[in-house]
There are 2 protein chains.
Amino acid sequence: MLKLTKKADYGLMALKFLAEHPERPALSAKDVADAYGIPAQLLAKILQQLTKSGLLRSTAGMNGGYALAREARSISAYEVILAIDGPFFITSCSKGKTGCELTTNCTIKEPLARVNETIAGVLKSISIQDLAEHEPPAARERNARELVALTL
Amino acid sequence: MLKLTKKADYGLMALKFLAEHPERPALSAKDVADAYGIPAQLLAKILQQLTKSGLLRSTAGMNGGYALAREARSISAYEVILAIDGPFFITSCSKGKTGCELTTNCTIKEPLARVNETIAGVLKSISIQDLAEHEPPAARERNARELVALTL
DNA sequence: TAGTATACGACCGTTTCTGTCGGAATTACA
DNA sequence: TGTAATTCCGACAGAAACGGTCGTATACTA
Ligand code: SF4
Ligand code: SF4
């Protein structure tokens, strides 16, 4: 529950890797997979999805591969997750088929939707570049409470 | 991915329902299940887990049932999820078995751990009482960026 | 003692996730 | 032209997680 799929995880790693090598015009799926030990064929499909979603540019053929379609700063983790795993919902409702039939009675649906928005906002605020740079932890702890006070 | 299990969902609903009926000394699992259309036996087990985790008090026998062990204000959504679904991690690493073998190479592990903390913080900041009261949406949008700026 | 309720564990069907395979289309280069 | 590198695409299979049910034991009340 509330766990990133490995696909999304791999996708983020790959994007970050590409962001760290702007000199190369393109890196093949295999290059990236080997760099981290990710199953190559699986990563290939992930990168294809990211390409289809417009986050990557791809070139086939020799010396081909993938490169960021936009600058790392402007690509959010949210977009990556969205591209790989589809629409982002923490609840089962509003999810077409296999959804939840309790939507009529359910009274926590709306507050949870706000939590959903909050988390999505956090994800949207994280760019690939943020992942590439490792800043010091800095102050945390506080302000989570503040954030929720405003969104709930 | 990043989706609440229905068990946790049901658990939150139940807790909220109990919070809304402080006059009753105890409500049976069936009472709650019927109120929302949740599978009774499933909810029963969920409430048992919550009891074992100390969030609920239970009394067997006639007129028995469950009641909040603490006041609604002091029970966080995080605790509920923790009690029902176990430790909270958005990544597959640091998860004992069936974890991730890439931990050595992985470079996004640490930033994601911070995201994990941020989300956990959001969940910790939400109490059962928050779910019971429905406040107006209020200002959102901003500050997600601020929050992450501090945590990342 | 009868009835109501929790407690607990085993079980099963479905879905989702992870990873693999096979083949087709594209491009570079010799 | 031919070959190797590489993206592209769909189908598939094994494994895990999830959602839910059942049976039974235990505890409490009247
Ligand atoms: S409707 Fe209520 S119970 Fe059903 S998924 Fe949405 S929140 Fe959870
Ligand atoms: S180690 Fe890296 S890849 Fe493996 S789960 Fe943790 S974050 Fe994801």
Side-chain angles (χ1 to χ4, degrees), chain A residues 1-11 14 18 24-34 37-53 56-67 69 81 84-87 89 91-92 95-102, chain B residues 1-11 13-14 24-34 37-53 56-67 69 81 84-87 89 91-92 95-102:
Chain A
M1 55 50 160
L2 239 11
K3 179 157 59 240
L4 235 56
T5 60
K6 281 197 176 173
K7 284 191 193 177
D9 204 341
Y10 295 160
L18 293 176
R24 302 283 302 276
L27 286 166
S28 79
K30 189 163 185 312
D31 289 340
V32 182
D34 289 350
I38 302 173
Q41 306 205 77
L42 179 54
L43 182 62
K45 266 202 309 203
I46 294 171
L47 295 181
Q48 283 161 29
Q49 281 186 275
L50 291 173
T51 303
K52 207 162 57 178
S53 301
L56 292 179
R57 279 182 305 97
S58 68
T59 55
M62 285 190 85
N63 301 323
Y66 300 90
I81 294 173
I84 295 174
D85 288 332
F89 292 120
T91 55
S92 306
K95 208 201 67 172
K97 71 166 197 173
T98 341
C100 182
E101 314 81 27
L102 284 58
Chain B
M1 51 49 159
L2 240 10
K3 179 156 62 234
L4 235 56
T5 60
K6 280 196 178 174
K7 286 188 192 177
D9 204 339
Y10 294 161
M13 291 177 73
R24 302 283 302 274
L27 286 166
S28 79
K30 188 161 186 310
D31 289 340
V32 182
D34 289 351
I38 302 174
Q41 307 206 79
L42 179 54
L43 181 63
K45 265 203 309 201
I46 295 171
L47 296 182
Q48 284 160 28
Q49 282 187 273
L50 293 173
T51 302
K52 207 162 55 178
S53 301
L56 291 179
R57 280 183 304 99
S58 68
T59 54
M62 284 190 81
N63 301 321
Y66 299 90
I81 295 173
I84 295 175
D85 288 332
F89 292 119
T91 55
S92 305
K95 209 202 65 171
K97 71 166 198 173
T98 343
C100 183
E101 313 82 27
L102 285 58

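Heavy atoms only: backbone and side chains are in, while hydrogens, waters and symmetry mates are out. A, B, ... follow the sequence lines: proteins, then strands. Residue 1 opens every chain.
Dashed line: the shortest gap from a side-chain N or O of Tyr66(A) to OP1 or OP2 of dC8(D) is under 4.0 Å. Remark: Ser58(B) is in phosphate contact with dA7(C), judged by side-chain N or O atoms under 4.0 Å from OP1 or OP2. Contact annotation: Tyr10(A) does not reach the phosphate of dT18(C) (side-chain N/O to OP1 or OP2, under 4.0 Å).
As a whole-Å value, the separation of Leu56(B) CG from dA5(C) C1' is 15 Å. Atoms NZ (Lys6(A)) and P (dA17(D)) sit 10 Å apart, rounded to a whole Å. Put simply, CE on Met62(A) is 7 Å from C1' on dC29(C), counting in whole angstrom units. Between the P atom of dT16(C) and the CG atom of Leu4(A) lies a distance of 17 Å, rounded to the nearest Å. One can place CG of Asp31(B) at 12 Å from C1' of dT4(C), the figure rounded to the nearest angstrom. Taking atom NZ of residue Lys52(B) and atom C1' of nucleotide dC8(C), one finds them 8 Å apart after rounding to whole Å. Residue Ile84(A) contributes atom CD1, which lies 12 Å from atom P of dC17(C) at whole-angstrom precision. Atom P of nucleotide dT6(D) and atom CG of Asn63(A) are separated by 7 Å, given to the nearest angstrom.
In this structure, the side chain of Asp31(B) engages the main chain of Ser28(B) through a donor-acceptor pair within 3.5 Å. Under a 3.5 Å cut-off, the side chain of Asp9(B) and the backbone N or O of Lys6(B) do not form any donor-acceptor pair.
Heavy-atom distances under 4.0 Å link DNA chain D to Pro39(B), Gln41(B), Leu42(B), Lys45(B) of residues 38-47 of chain B, given in residue order.
In this structure, CZ in Phe89(B) is found 13.5 Å from SG in Cys100(B), a value given to the nearest 0.5 Å. From Ile81(B), atom CD1 reaches atom OG1 of Thr5(B) across 8.0 Å, with rounding to the nearest 0.5 Å. With rounding to the nearest 0.5 Å, the separation of NZ in Lys7(B) from CG in Asp85(B) is 7.5 Å.
Of all non-hydrogen atoms in Tyr66(A) and Leu18(A), the two that sit nearest each other are O-CD2, 3.7 Å.
Nearest-nucleotide assignment on DNA chain D puts the 5′-proximal partner with Ser28(A), out of Met1(A) and Ser28(A). Across the interface with DNA chain C, nearest-nucleotide mapping of Thr59(A) and Gly65(B) shows Gly65(B) to be the residue nearer the 5′ end.
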Which donor-acceptor pairs under 3.5 Å do side chains of residues 40-53 of chain A form with protein atoms, sequence neighbours excluded?
{"from": "Thr51(A)", "atom 1": "OG1", "to": "Leu47(A)", "atom 2": "O", "distance (Å)": "2.7"}
{"from": "Ser53(A)", "atom 1": "OG", "to": "Gln49(A)", "atom 2": "O", "distance (Å)": "3.0"}

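Checking dG19(D), dA7(C), dT7(D) against the side-chain heavy atoms of Gln48(B) singles out dA7(C) as nearest. Residue Ala60(B) places its side chain closer to dC28(D) than to any other of dA30(D), dC28(D), dG20(D).
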